[in-house]
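Note sheet for the following structure.
Positions are given from 1 along the sequence. What you see below is based on every heavy atom in this structure, not just the backbone, and it leaves out hydrogens, waters and symmetry mates.
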Amino acid sequence: MSLQSKLESGQFAVSCEFGPLKGTDTHEIKENIEILKGKVDAANVTDQQSSVMRMSGLATSALCVQGGLEPIFQMTCRDRNRIALQSDLLGAWALGIKNVLSLTGDLPQLGDHPQAKGVYDLDSVTLLQAITKLNEGFDLSGNALTGIPVFYAGAVVKVESNTEASAELQISKFQKKIAAGAKFFQTQAVYDPAAFEKFMKRVEKFKVPVMVGIIPLKNAGFAKFMNANVAGIRVPDELIQQMAAAAKEDREKVGLEMAANLIKKMKPMCQGVHIMAIGWEKKVPQIMQMAGL
């Protein structure tokens, strides 16, 4: 069953994430595909994540299709103008890629080619509009297509907000993305079930599937780094202290158990989970088993 079929039928869906490598060696990618296929419903393929140059996400998504793992092709607006974005979308459909996640993209200065120029011809909302237009049989200039894609388009949303104004802004962005064509959402990493429940109550009226984001913690320093550097993510002090108290040889077990417990708590509130294991991709099936998925 496809990701779209599962979410639209009201069944709980599971996705994960992995990034293409820097180079042409696809051995690890193919290993991850073999481990994850049949376990998760789909896998996000990142697009130059954190502005670090890697192999094409389009090519990696095509490898997923070939290997029997349904991809979610992440597209950022940082590196391509509207011509290139639409071109890659048409190419993706021709290669059997049916899910697209729309992202604006991190600034180039944050990556390993800080001298690169960001494009940002479109943003995450206008990219969704472009996908919708292609699904209707036209490009952004109104030219008719020969052969029409039927993409299942998704978007990202932040759950944590420091102020009520910030929370309202996220809800407004959520609505704009739905209006532009988003059919499902994946959240940034969530570590506070109470905050997630509050968010879900605010967006349940829109009747769009939401998949809660989970990043397993590897150590206390990793958690503190995210708190300091990643907007929209807040790891509670109690979880940081729990990781800090764990012996070095037990940290992995504690991190995986913590992720599984968070999934158990938030599963009744949403329509799916998106596990971002960041180097622990091969442990996603273990997390799922621990969480009872």
Side-chain angles (χ1 to χ4, degrees), residues 12-19 21 28 31-32 35-36 39-40 43-44 46 49-52 54 74 103 106 110-112 156-163 166-167 170 185-200 210-270 272-293:
F12 194 82
V14 180
S15 63
C16 65
E17 180 172 297
F18 62 84
L21 304 177
E28 185 175 333
E31 271 191 356
N32 284 333
I35 289 169
L36 295 168
K39 304 290 195 309
V40 298
N44 284 36
T46 59
Q49 187 176 15
S50 302
S51 298
V52 174
R54 297 178 174 90
Q74 292 192 183
L103 300 158
D106 297 321
L110 300 176
D112 64 348
V156 173
V157 64
K158 296 177 184 177
V159 171
E160 292 279 358
S161 298
N162 295 328
T163 65
S166 176
Q170 288 306 312
F185 284 85
Q186 293 174 334
T187 78
Q188 285 198 328
V190 180
Y191 295 93
D192 184 347
F196 184 63
E197 183 176 23
K198 182 180 178 181
F199 170 81
M200 287 302 297
V210 174
M211 304 178 73
V212 63
I214 297 290
I215 298 179
L217 296 179
K218 297 182 178 182
N219 51 58
F222 178 72
K224 291 175 182 177
F225 175 86
M226 288 197 294
N227 277 353
N229 297 282
V230 184
I233 294 181
R234 186 186 67 84
V235 184
D237 290 340
E238 62 190 78
L239 297 187
I240 295 175
Q241 291 167 6
Q242 189 176 337
M243 288 301 303
K248 187 174 182 179
E249 63 271 18
D250 294 331
R251 287 174 190 164
E252 180 181 304
K253 178 184 176 184
V254 172
L256 296 179
E257 288 177 345
M258 192 180 291
N261 288 335
L262 286 168
I263 293 170
K264 287 178 182 178
K265 290 177 181 178
M266 292 186 281
K267 183 176 182 287
M269 307 175 194
C270 58
V273 61
H274 177 53
I275 303 171
M276 297 167 277
I278 311 180
W280 283 357
E281 289 83 6
K282 294 177 176 61
K283 300 185 185 298
V284 168
Q286 182 181 348
I287 295 170
M288 292 174 63
Q289 184 177 27
M290 294 168 70
L293 298 176

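- Of the inter-residue distances, the one linking T187 atom OG1 with H274 atom NE2 reads 8.5 Å to the nearest 0.5 angstrom.
- The CE atom of M258 sits 13.5 Å away from the CD1 atom of I215 when rounded to the nearest 0.5 Å.
- Residue S166 holds its OG atom at 7.5 Å from NZ of K158, rounded to the nearest 0.5 Å.
- Side-chain contact between V273 and F12 is present, with at least one heavy-atom pair separated by less than 4.5 Å.
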Test side chain to side chain contact (heavy atoms under 4.5 Å, CB included) applied to T46 and F18, step by step: CA-CA 7 Å; T46 59; F18 62 84; over 6 Å; no
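- With sequence neighbours excluded, the residues forming a ring pair (Phe, Tyr, Trp, His ring centres under 6.0 Å) with F185 are F174, listed by chain and number.
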Between V159 and Q188, is a side chain to side chain contact (heavy atoms under 4.5 Å, CB included) present by the stated rule, with each step listed? CA-CA 7 Å; V159 171; Q188 285 198 328; over 6 Å; no
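- The stretch residues 222-250 participates, sequence neighbours left out, in these side chain to side chain donor-acceptor pair (under 3.5 Å) pairs: D192-R234.
- Atom CG of L262 sits about 5.0 Å away from atom CD1 of I214, to the nearest 0.5 Å.
- Under a cut-off of 6.0 angstrom, the local environment of NZ in K265 is sparse, with at most 12 non-hydrogen atoms contributed by other residues, nucleotides or ligands.
- For the residue pair Y191 and P236, the shortest heavy atom distance occurs at CB-CD, 3.5 Å.
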For V156 and L103, what are the C-alpha separation, side-chain angles and deciding distance, and is it a side chain to side chain contact (heavy atoms under 4.5 Å, CB included)? CA-CA 7 Å; V156 173; L103 300 158; 3.3 Å; yes
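- You'll find the side chain of C16 stays beyond 4.5 Å of the side chain of N44, heavy atoms only.
- Q170 approaches S161 most closely through the heavy-atom pair CG-OG, 4.0 Å.
- With a 6.0 Å radius and a threshold of 12 heavy atoms from other residues, nucleotides or ligands, Q286 has its CD atom above the threshold.
- Rounded to the nearest 0.5 angstrom, Q49 CD and I278 CD1 are separated by 6.5 Å.
- Remark: K282 engages E28, E31, N32, I35 in a side chain to side chain contact (heavy atoms under 4.5 Å, CB included) (not counting sequence neighbours).
- The line from NZ of K267 to CG of L293 is 6.5 Å long, rounded to the nearest 0.5 Å.
- Summarising the geometry of Q74 relative to E17, their closest heavy-atom pair is OE1-OE1, 3.3 Å, with the distance given to 0.1 Å.
- Taking both residues in full, the closest heavy atoms of E257 and M290 are given as CG-CE, 3.3 Å, listed atom of the first, atom of the second, then distance.
- Q186 and S15 form a side-chain donor-acceptor contact under 3.5 Å, judged by distance and modelled atom types alone.
- Closest approach of S50 to D106, counting heavy atoms only: CA-OD2, 3.3 Å.
- Counting heavy atoms from C-beta outward, C270 and M200 have side chains that approach closer than 4.5 Å.
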Is there a side chain to side chain contact (heavy atoms under 4.5 Å, CB included) between D112 and S51? Walk through the geometry before answering. CA-CA 7 Å; D112 64 348; S51 298; over 6 Å; no
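- Using a 4.5 Å cut-off on side-chain heavy atoms (C-beta onward), V235 and M243 make no contact.
- Minimum interatomic distance between I287 and A259 (heavy atoms only, all atoms of both residues): CG2-CB, 4.4 Å.
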